[in-house]
Amino acid sequence: MGQKYVEILDSTLRDGEQTSGVSFLPHEKLMIARMLLRDLNVDRIEVASAGVSEGEKEAVSMICRYARQTDMLDRVEVLGFVDGGASIDWVASCGCRTVNLLAKGSLKHCEQQLGKSPNEHIEDIRQMVHYAHEKGVVVNLYLEDWSNGMKDSPKYVYQLMDALCDVGIRRFMLPDTLGIMNPLQCVEYFRKMVKRYPDTHFDFHAHNDYDLAVSNSLAAVLSGAKGLHVTVNGLGERCGNAPLSSVQVILKDQFNAKTNIREEKLNDISRMVEGYSGIAVAPNQPIIGDNVFTQVAGVHADGDNKGDLYHNALVPERFGRKREYALGKNSGKANIAKNLEELGLELTPEQTRRVTQRITELGDKKEIVTQDDLPFIVSDVLKHDAPEDKVKLVSYVVSTAYGLKPGANIKVEINGRQYEAGATGDGQYDAFVKALRYVYLKHLGRTFPLLANYQVSIPPGGRTDALVQTVITWNDNGRLLRTRGLDADQTEAAIKATFKMLNIIENEYNNEL
C-alpha cells in the first residue's frame, strides 16, 4: 500500500483573519497568498468571506488575478453563504471560481439560527449550488457545527448528506466549529461518515479550544479524511485553528502521509504572517518557535558531541533553520564549546572552565547572553587585551518636537577617522540609524545589516524605573545577528546594541581584507 496523500487547505487569510485584532491589508493578503501557493505549495487557500467589504473585494481580486496568471486559480477559494445568490455573484465578480458554501451541520443551528426546517434549508442549498454552476463556480460545502450535529442530531446530518450527494458538490467539509471534539469522537464520527458515503471527498476543519486541533486532525486522516484545514501559526477565532507546521510534521513523521508542502519554507511563512498579523509566535511553539532548536542543558550539548544523542527527526535544517546552544547558568562546558567552535575560537580546558563560570554568574543574574557576546566575555575573563572598538560613538543629539519629524545628528569614529551626519526618521532611533547608514554609504561605500526585529523589555526581575533592555535582531544577507543593550534610557540602550553589531561586522570586514 502506497503513502496516503492528504490535501492541505490553508485558511489563514479567512479563518486566521478572525483572530482578535488581526486585519490584513490587501497587499499583505496578496504577499501571503503568493508565498502559500508558490513557495510553500499548499494545495488550496481560502482567502476571504464573500461580501465583507470593498477592501476584501480588492484583496480577493488581486489574489485571483495573480493566481490566474500563474495557472493556480483553481486553488483559490472564498467562503460564501446561502443567501439567494449574492455570495456567488460576489465571488464571480472577483474572478474566483470556487466557493466554500456555509450550510448548517447541526439541527440546532438550522432551526434556531436560520429558523428553517431541514427540508427548507436543503432546498435553499440546492438552489445555491445550481446557481453557482450556472455561473461556472465550483462548490464545496461546509457543514457548520458538524461535530455537534453528529453528537446531538446525526439523523439531521445524514438527511442533509443524502439530499445533497447528487447535486455536484466537489467536497464536503466537516468542521469542529466550537472545538468540542476529542480524537476518539473524531474517529467515531468520521468513520460513520466514510462508511455511509464511501465515494465522497471529506475535509476536516479543526478548532483548538481544548488544545486538540492537531490530534483531531490526525484522527480524521486516520479515519478517512482526504483533506485538512490549517492556518499559519494556528491563527483563528478564539483559541485558533490547527497550525500548519505541526499538522505537516505529524502527518509525515507519525503517519507516513504525503503532502505537497515544502517544509523548508514553513519558517519563512510563519515569520511573514507573524509580522503582518502582529501576533507573536510563542518561543516554544513546535517547529516555528524561536527556542525549539535551542539546547539549554549542557548534558544535551555533550550528548550531541558524542553522536547527536539528543536529536530527533525534527532536525532544524529540514525547516531552513539551525540548532543553537543557549548560553546561561545551565550551559555547561559542552554548550560553551559548541558556541566557541562555531565562532572559530579555540580555548584550553581551563580557559573554557573560566568562561563557563562567568556565563553561569551572568545567568544567575538573569542576564541574557548571546553567541555574539561570547568573544567579549572571553576577552574579559581571560584578561586578553580586548581589541579596541573600531566603531565608536563620539557624540550625538536626538530631538523630537510637536509637528516635526524626530531628528538625529551624530559624530562617529570608524577605524580612527571621524564622520558627521544628520537625518530625520519615524522615531529618534530610526533617525539615528538613518544618519549612521548615510555615513557608511557616503564615506565608506558600504551598507550594514537591516533591522529584522526590535524588542524592548524590563530585564527579568527588574523594576520598571530601573534599566531597559533592548534586544535587536539584524539580518546580514540571511544571517541573523542578535545584539543587546542595557541602559536607563531606551534610545541609549538601542544605540549600545547597534554599536555592538557595528563592531562585530567591522571586525569581520577587516579580517577579510
Side-chain angles (χ1 to χ4, degrees), residues 4-9 11 43-44 46 50 74-75 77-85 87-88 91 97-111 113-114 116-177 181 185-206 216-217 219-229:
K4 179 181 174 73
Y5 174 72
V6 182
E7 202 173 70
I8 301 294
L9 175 141
S11 189
D43 297 284
R44 300 146 53 203
E46 190 176 46
D74 61 340
R75 295 163 61 185
E77 303 171 11
V78 172
L79 181 75
F81 308 95
V82 182
D83 54 10
S87 289
I88 304 300
V91 169
R97 289 292 172 261
T98 305
V99 66
N100 295 336
L101 203 58
L102 192 68
K104 298 302 180 183
S106 69
L107 183 62
K108 182 184 289 187
H109 272 224
C110 177
E111 292 183 339
Q113 190 170 30
L114 296 182
K116 294 199 173 189
S117 69
N119 285 332
E120 289 172 326
H121 187 39
I122 288 167
E123 183 55 32
D124 289 344
I125 296 168
R126 291 177 71 96
Q127 289 180 9
M128 283 287 292
V129 174
H130 180 69
Y131 183 65
H133 290 164
E134 285 184 340
K135 288 274 193 175
V137 174
V138 171
V139 178
N140 301 317
L141 191 74
Y142 271 114
L143 300 186
E144 186 183 15
D145 200 35
W146 167 79
S147 48
N148 271 318
M150 290 299 289
K151 179 169 163 282
D152 301 326
S153 53
K155 287 183 180 178
Y156 166 79
V157 176
Y158 299 146
Q159 180 184 356
L160 208 66
M161 289 294 303
D162 291 344
L164 296 171
C165 272
D166 63 348
V167 298
I169 293 169
R170 181 167 292 181
R171 302 176 185 87
F172 286 84
M173 308 198 291
L174 309 180
D176 183 18
T177 304
M181 279 202 303
Q185 291 171 316
C186 193
V187 167
E188 177 191 349
Y189 298 160
F190 243 94
R191 284 181 175 171
K192 287 179 177 177
M193 295 292 285
V194 171
K195 183 177 180 181
R196 190 170 175 120
Y197 310 100
D199 299 323
T200 303
H201 178 116
F202 289 118
D203 280 1
F204 179 61
H205 180 105
N216 285 337
S217 296
V221 169
L222 290 170
S223 306
K226 294 181 180 178
L228 291 177
H229 295 193

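Any value given below was found using the heavy atoms of this structure, including those in side chains, with hydrogens, waters and symmetry copies removed. Computed from a predicted structure; not experimentally measured.
- When all heavy atoms of Val194 and Ser223 are compared, the pair lying nearest together is CG2-O, 3.5 Å.
- In this structure, Lys116 does not pair ionically with Glu111, as no charged nitrogen and carboxylate oxygen lie closer than 4.0 Å.
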- Task: Mind running salt bridge (Lys or Arg N to Asp or Glu O under 4.0 Å) on Lys226 and Glu7 for me, showing each step along the way?
- Result: CA-CA 6 Å; Lys226 294 181 180 178; Glu7 202 173 70; over 6 Å; no
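- A salt bridge links Glu77 to Arg44: one of the charged nitrogens lies within less than 4.0 Å of a carboxylate oxygen.
- For the residue pair Asp43 and Arg75, the shortest heavy atom distance occurs at O-CG, 3.0 Å.
- Contact between Leu143 and Met161 at its shortest, heavy atoms only, is CD1-SD, 3.9 Å.
- Residues Val157 and Gly149 approach most closely at CG2-C, 3.7 Å, considering heavy atoms.
- Shown here for Ala220 and Leu228, the closest heavy-atom pair between the two residues is CB-CD2, 4.5 Å.
- Taking the six-membered ring for Trp and thresholds of 30 and 60 degrees, Tyr158 and Tyr197 have ring planes inclined between 30 and 60 degrees apart.
- The residue from His133, Arg126, Gln127, Glu134 that alone fulfils the side-chain hydrogen bond (donor to acceptor under 3.5 Å, both in side chains) condition with His130 is Glu134.
- With respect to Trp146, the ring pair (Phe, Tyr, Trp, His ring centres under 6.0 Å) criterion is satisfied by exactly one of Phe202, Phe190, Phe172: Phe190.
- Pairs engaging residues 150-163 under the salt bridge (Lys or Arg N to Asp or Glu O under 4.0 Å) rule: Asp162-Arg196 [sequence neighbours left out].
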